[in-house]
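Worksheet: one structure, shown below.
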Amino acid sequence: CWIWNAPGATFAPGPTLQTAGDSDQPRLVKAGERILVVWRNSDGIAVKDLAAPPPVSRDKPFGRDTLAAIEREHARTQFWLVLWDLECSYCMQSLKHMAAAQRNDPQLKIVTISTDPMQSAAEIEFRLAQLGVKSEAYAFGDAPREALQYAIDATWLGEKPRAYRYDVDGKREAFSGVIQLPTSATRNP
């Protein structure tokens, strides 16, 4: 969607709406002085106000050196690092299980890294909130996807969901596939 800034000005990027399911064409609707984009899709109805300021994201960009910073920040603590994306249904199952484990253990630390680009930050935040996951959230930054995957794990081929359980001594164990945490999330799934 492109928005016309002012007479004689240029177009600027507008809101981004996407779905993996069925959808119809977006429609423009005038509501008083506001212009809305209304779009019916398999998730329901999406509405974006073209005049609304873009949401401020709490997601951080994940770059080549970000994992080392995360590991330093969480040194000597147990935590989970979860890799996912917005189109991965198995990732949603893993994230639901993580949210359930957090409800049982509010001290459970989770760091999520979406392999979607930072431009999807608003949707990433919405999905994490919708699933009930409380995490330090990242999305892939500007570096090539392969370089970011390699920065996380040189042996990771990009399959998702993917997770790493970090022990207090800094050792990590990798898991591929849907993650199902036991009652105590510090034990192996």
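Residue pairs that meet the disulfide (SG to SG under 2.5 Å) test with at least one member in residues 76-114, sequence neighbours left out, are Cys88-Cys91. Applying the disulfide (SG to SG under 2.5 Å) definition to pairs two or more places apart or across chains, none involves residues 95-126. Sorted by first and then second residue, the disulfide (SG to SG under 2.5 Å) pairs involving residues 101-140 (not counting sequence neighbours) form an empty list. Screening residues 128-169 for disulfide (SG to SG under 2.5 Å) gives no qualifying pairs among residues at least two apart or on separate chains.
A salt bridge does not link Lys109 with Glu136: every distance from a Lys NZ or Arg NE/NH1/NH2 to an Asp or Glu carboxylate oxygen is 4.0 Å or more. Asp169 and Arg76 are not joined by a salt bridge, as no carboxylate oxygen comes within less than 4.0 angstrom of a charged side-chain nitrogen.
Between Gly63 and Leu148, the shortest heavy-atom contact is C-CD2, 3.5 Å. Across all their heavy atoms, Glu125 and Asp59 have their closest contact at CG-OD1, 3.3 Å. Nearest heavy atoms, Thr66 versus Pro61: OG1-O, 3.9 Å. Across all their heavy atoms, Ala99 and Leu131 have their closest contact at CB-O, 3.2 Å. Closest approach of Thr155 to Arg162, counting heavy atoms only: OG1-NH2, 4.3 Å. Nearest heavy atom pair, residue Val82 against residue Trp84, reads O-CD1, 3.9 Å.
Tyr164 and Arg172 form no side-chain donor-acceptor contact under 3.5 Å, judged by distance and modelled atom types alone.
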query: Given Phe62 and Ile70, is the side chain to side chain contact (heavy atoms under 4.5 Å, CB included) satisfied, shown in steps?
result: CA-CA 10 Å; Phe62 185 87; Ile70 292 169; 4.2 Å; yes
query: Could you walk me through whether Leu108 and Trp80 pass the side chain to side chain contact (heavy atoms under 4.5 Å, CB included) check?
result: CA-CA 8 Å; Leu108 177 63; Trp80 283 84; 3.7 Å; yes
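Residues passing the salt bridge (Lys or Arg N to Asp or Glu O under 4.0 Å) test with Lys160, sequence neighbours excluded: Asp85. Residues forming a side chain to side chain contact (heavy atoms under 4.5 Å, CB included) with Phe126 (at least two apart in sequence, or on another chain): Gln130. For Arg40, the salt bridge (Lys or Arg N to Asp or Glu O under 4.0 Å) partners are Asp24, not counting sequence neighbours. In this structure, the ring-ring contact (aromatic ring centres under 6.0 Å, His included) partners of His74, at least two apart in sequence or on a different chain, are Phe79. In this structure, the side chain to side chain contact (heavy atoms under 4.5 Å, CB included) partners of Pro144, at least two apart in sequence or on a different chain, are Arg64, Glu146, Ala147. When the salt bridge (Lys or Arg N to Asp or Glu O under 4.0 Å) test is applied to Glu71, no partner is found at least two apart in sequence or on another chain. Shown here are the side chain to side chain contact (heavy atoms under 4.5 Å, CB included) partners of Asp142, two or more places apart in sequence or in another chain: there are none.
Rounded to the nearest 0.5 angstrom, Leu81 CG and Ile110 CD1 are separated by 10.5 Å.
Clustering of Ile, Leu, Val, Met, Phe, Trp and Tyr by side-chain heavy atoms under 4.5 Å joins Tyr90 with Val178.
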